[in-house]
Amino acid sequence: MSNESLSVDPIYADPVFKMAKRQFEIISDHLEIPADRRERIIYPKRAISVALPIHRDDGSVEVFHGYRVQHHLAMGPTKGGTRYAPNLTIGECAALAIWMSWKCALVGLPYGGAKGGIRVDPNTLSAHELELLSRRYMQEMLPFVSPHTDVMAPDMGTNEQIMGWFMDTYSVHAGCAVGEIVTGKPVSLGGVSGRREATGRGVVFLIERALDHLSIDPAQCTAIVQGFGNVGSVTACGLAFKSGMKIVGISDHTSALYDPEGLDIAAADKHVAEHGTLASFPQGERVDPETLLTLPCDVLVPAAVERVITAENAGKLRCRVLAEAANGPTTPDADEILDQRWEEVFVIPDVLCNSGGVIVSYFEWVQGLQKFFWSDTETTDRLYRILETAFAAVIKRAKDRKISHRTAAVSIGVERVMAARLARGLFP
Ligand code: GLU
């Protein structure tokens with residue numbers, strides 16, 4: 001079956017959805033999935049679009065647009081983040097939901113994927129407006145979510161407080177406290193300590209694992225981290241203080257900074273906590289954000305948005321390890337180039353690299369359902385055990401079948417989703 005064989009439902013017409021679809025076609029060809037099964041596996045079970053009117057602080061009424069896409073419910077509830085971003089589309093949510101499905105299946109979680117959010121720049125809202133909008137969003141989602149249907153979590157632009165408001169809105173409606181409706185909520189509401197750091201910690205664990213596999217000493221390495229939000233900042237701190245690396249480049253949406261002698265990551269982290277961005281951080285040379293990705297380093301971590309490693313820059317990357325902390329940072333065209341460069345650039349694909357977040361979300365959900373809480377050590381040990389198993393499975397499959405790490409990782413996920421859907425059969 002040739003590439004580009006699947007149709008695109010116009011509601012999903014978005015470059016990120018097209019990218020997820022193309023990636024799936026490559027995997028389907030590899031797994032020789034029959035044509036009549038492909039659409040059934042790739043298309044989301046449902047996509048919800050809601051209008052969200054709120055009173056702005058100045059007394060006016062403004063309508064925002066919210067989405068949620070649930071990819072499949074074959075193995076349990078869907079699971080995934082809620083993103084607040086000014087250009088969010090339902091097609092992007094669909095792609096991110098599909099990637100969540102492969103990710104959860106790869107690491108053995110009993111979930112399908114979901115993703116949703118609101119088309120808004122949260123920085124343009126007051127705290128009060130943010131609360132109204134968040135509550136309104138959960139209110140509109142009530143018919144489509146439950147702890148056994150769809151469990152939300154933070155993503156770009158959202159945080160623990162927003163999960164707390166979601167939980168409260170759902171619980172008021174239910175008439176009792178339902179902590180297990182969301183993960184990544186405040187610890188005082190049943191959140192797991194370390195959930196916020198979990199994605200970045202997982203990224204650091206996997207980078208160390210990859211370097212060990214390549215017999216490279218982390219303490220001799222340099223790193224560049226693109227994105228200084230939750231995932232990027234925790235990863236940069238972990239690489240600097242746990243792995244002993246020199247962080248030579250960091251960036252956020254305002255600035256890209258480079259210093260071959262190493263940046264003071266503790267100072268950068270403090271600066272962002274106080275000022276919100278890196279804009280006025282006094283260290284490092286200001287460089288073009290595109291250029292930052294192609295500067296020499298041992299470890300490159302894209303930890304921001306999709307589609308930043310493209311056919312234009314994939315051949316120019318000068319890293320030994322590409323650790324995809326973001327979802328979908330590398331386009332299929334870039335993959336073709338990186339496949340040729342597999343001996344130079346070791347890729348830790350996104351579905352593996354950033355899976356620490358949803359793994360700890362799963363722990364939070366299980367503990368919430370059982371009302372039985374674990375120690376921090378138990379959480380961390382179990383996280384690392386799951387990551388280790390998934391890393392080993394990806395490396396083994398890639399070696400055995402002579403395929404890229406991405407094809408290995410995604411194909412394990414797709415196989416498991418397909419097996420569950422086939423076992424469920426088609427009703428009626
Ligand atoms: N938003 C995160 C992700 O993309 C976490 C999702 C979750 O914890 O459910 O993996």
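Whatever order the structure lists them in is the order used to number ligands and atoms, beginning at 1.
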Discussion item. Checking T183 against K79 for the side-chain hydrogen bond (donor to acceptor under 3.5 Å, both in side chains) test, could you report, in this order, the C-alpha distance in whole Å, the side-chain angles of both residues, the deciding distance, and whether it holds?
Written reply: CA-CA 9 Å; T183 60; K79 185 84 194 74; 2.9 Å; yes
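- Using a distance-only test at 3.5 Å, with no hydrogens or angles considered, no donor-acceptor pair links the side chain of R318 to the main chain of L295.
- In terms of modelled atom types and a separation under 3.5 Å, the side chain of E160 and the main chain of G191 share no donor-acceptor contact.
- With H213 contributing its side chain and E208 its backbone, the two residues share no donor-acceptor pair below 3.5 Å.
- Counting heavy atoms from C-beta outward, Y384 and R201 have side chains that approach closer than 4.5 Å.
- Panel note: side chain D335, backbone L338; no donor-acceptor pair is recorded below 3.5 Å.
- Around ligand 1, the residues contributing at least one heavy atom under 4.0 Å from the ligand are K79, G80, G81, M100, K103, K115, A153, P154, D155, R195, N327, G357, V358, S361.
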